Each structure stands twice: as C-alpha cells, then as structure tokens.
Amino acid sequence: MKKGSLVIVGTGILTPAHLSQESINRIETADVVHVLVPDPLGLSTITKLNSNIKNLGELYFDPKSNKNGKNRLDGYKLMIESILSDVRLGLKVCAIFYGHPGIFVYPSHECISKAKKEGFDAQMLPAISAEDCLFADLGVDPGDLGCQAYEASQFLFYRHSINTSAMLILWQIGVVGDETLTKFKPSENGMAMLKEKLLEHYPANHLVTLYEASTLPTMEPRIAEINIDKITDIQINAITTLYIPPLANPALNTNFCKRWNVDISQLQ
Amino acid sequence: MEDKLTDFMVEMATNETLKKLYRKNPAKLMEIYELEKEDINLLISKNYELIRKRLGADYEISFNSQVTASRIKP
C-alpha cells in the first residue's frame, strides 16, 4: 500500500450534533482536511478539531463568473483533484461533506474509487443523511411498505418504474428540471414537469409532504403537506425534499404463497 | 475571530438543557450568553433565511450529485 490515505466523512445535517465520534477522531488525526459544508456551524466545529483546512467551497462552480468550469460537474472534478493531490503527496487526508458523504455526493465516490485504483488506502464512513432525518421527523418507516428514492431531475428524465404501494422520496427538488447543472433553483418548468409526472401515477388530491430537515438548533423542520396538484404553488428551497406516501397496500401474491405453503393469514 | 452567535448555536446543538432553556425564554438565555442585541432580535424573529445569511450559510453548495443515470453500462 502506498503512503498517503483518504478517509471521507460526513457532518450530518445538524453539526456538531450529528458528527460521529469516529468521524471526529479521523478529522483530528488527519494531516489535512478538505471541507465542503454549507453550514457555518459545521465549518466552525471542524476548524476547532483541525486547523489545517482546505475549503472545497472555493472550487464550487460559480454561475455568475463561470469560475471553476462551465457547470457543477467541472467544479466536482476540481475538488476530486484537490483531494487526491494531497493523498499523492503521502498525506493522511480527511475529506468532509455535508450530510452522509456517500449519498448524492459525486466527488466522494469518485475520490474513493480513484484513490483505490492508484493503490492508496481509502475509506468512507457513514453519517446521518437528510433521509435519516426525514424518517425521524415524519414518523415514517421505510420497512413498512418499502421505499424508493430518486434524484428529482433524474426521476423526470428517465423511465423509472414507480411502485405506488411504497413511499417515494424525491431529492434535490431545489434544482429540479435542470439538466445543465448550472442552476441553483428549479428550472423554469421544473415543478410543472414534476407535477405532470407525478399525476401519471397518483391522484391530484394525494397528500404529499415538502420536507426540510432542521439545520439550526433553534429551528423546527419544515413539514408542509399539500395536494400533488398544488406543488407548483409552494415555496421550494435549496434543501427541500418531496415525500410521497404510499397510495395503497401492495396486492398479496396468493399463488406464490400457496405454492410455497406460506400462511397468508399472517400477512393480512 | 470567534463569533458569539455561531458559538452559541454550536453549543446548543449538542446541549438539550440549553435548548429547553431557549424554548422557555430565548431572550434571557441569549442575554446571558452576551449575544449582540441585533442577533437576539434576529433569532427571535425566526427569519431563518436571514439567520442563515447572518451565520454565513450557503446551501447552494449542498448540491453534489449528477442527474445522469449512466453508471450501469449495457
């Protein structure tokens, strides 16, 4: 194994409350820490744990000046190179992302993959994601009827199979409909496209929830229930997630159960 | 330079007792922590957009994934 290593950790959604003991230890003992966190509480906490910080936010795509490339993907690539260049120098590198570092985070997975291919020790630690907060705050259990989760724009543009008997969670509503990766709000028709797509599967009066986890200790999570046909009329923010509850129980596969002598009385 | 409001928030994030005191009487607790009058009024207003701005939050940089579904090649 080459000298130089990479560990990728997540701050959780509310820092420092969600920062794990293991992550704290890895931040403290790193030679250098690369950070991409949007909340100042996170940055303040991390800076107290390790003073050798490199702020990846400076490499983020800026649409006003086209700084760091022509879209977000270019910015991610710069971040990957910044992190890996320190690993290649033989340093013990810790990279920190907001939430869970492996959920909706392209650069983290790319860094791990590239570092391993180049012969470095690379590891990702789990953390609390917005989805974890959603289950806790909405009081819903993905184990009840199953759970589907899609990036909102991908949900629009691809023919994903939707199971209306399981919950559906749509992420990054804040940039829904933007295939260019250059916007920081829904595209002009983003929410209208989303409404149309959902109405292919759900009735107009199906009650859905716009959800935002609490990002400050003084605030409550945003939990706004609304009918699907009204989702174009409500405020969408950068961290808004859409939760669509199941429409009906799944049909029991009686033939399968009979064939395998499953006691269906336990299932009804 | 340390920022009293950030430090107050960080401490409250991991201290349930402090959170309870805040819920009971936010102004009194913030005065004990010697927060600026402007910050006290801002927190009491519950205008989270302005509070985030005051703290320096930038949630635009929380978008970190792609739209393309192309990892599995046929």
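Reminder, nothing fancy here: chain letters follow the sequence lines and each chain counts from 1. What you see is a predicted model, and the numbers here were worked out from it, not measured in a lab.
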Sort and list the pairs that fulfil salt bridge (Lys or Arg N to Asp or Glu O under 4.0 Å) and have at least one residue in residues 210-220 of chain A, not counting sequence neighbours.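 Listed once each, the pairs are Glu212(A)-Arg222(A).
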Shortest non-hydrogen contact from [X] to [Y]?
{"X": "Tyr98(A)", "Y": "Val37(A)", "answer": "N-CG1, 4.1 Å"}
{"X": "Cys133(A)", "Y": "Ala213(A)", "answer": "CB-CB, 3.9 Å"}
{"X": "Leu41(A)", "Y": "Leu216(A)", "answer": "CD1-CD2, 4.1 Å"}
{"X": "Ser82(A)", "Y": "Leu56(A)", "answer": "OG-CD2, 4.1 Å"}

Donor-acceptor contact below 3.5 Å, side chain Asn25(A) vs main chain Glu22(A):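 Checked: no pair found.
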Heavy-atom distance under 4.5 Å between the side chains of Ile51(B) and Met219(A), does that happen here?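 Of all side-chain heavy-atom pairs linking Met219(A) with Ile51(B), none is under 4.5 Å.
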Does Lys197(A) have any salt bridge (Lys or Arg N to Asp or Glu O under 4.0 Å) partners at least two apart in sequence or in another chain, and if so, which?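 Salt bridge (Lys or Arg N to Asp or Glu O under 4.0 Å) list for Lys197(A), sorted by chain: empty.
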Checking side-chain contact (heavy atoms from CB on, under 4.5 Å) against Cys111(A), which of Val105(A), Leu6(A), Val87(A) comes through?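 Exactly one pass, corresponding to Leu6(A).
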Is it the backbone or the side chain of Ser214(A) that comes under 4.5 Å from a heavy atom of chain B, or both, or neither?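 For Ser214(A), no heavy atom lies under 4.5 Å from chain B.
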Sort Thr218(A) into side chain, backbone, both or neither according to what part of it lies under 4.5 angstrom from a heavy atom of chain B.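 Its backbone and side chain both get close to chain B.
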Hey, which residues of residues 11-22 of chain B are touching chain A, say heavy atoms under 4.5 Å apart?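 Residues of residues 11-22 of chain B touching chain A at under 4.5 Å: Met12(B), Ala13(B), Thr14(B), Lys19(B), Tyr22(B).
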Quick check: under 4.5 Å, non-hydrogen atoms only, which of residues 31-48 of chain B neighbour chain A?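 Contacts with chain A: Leu43(B), Tyr48(B).
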Taking the basic N atoms (NZ, or NE/NH1/NH2) and the acidic carboxylate oxygens, is any pair closer than 4.0 Å for Lys195(A) and Asp233(A)?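 No salt bridge links Lys195(A) with Asp233(A).
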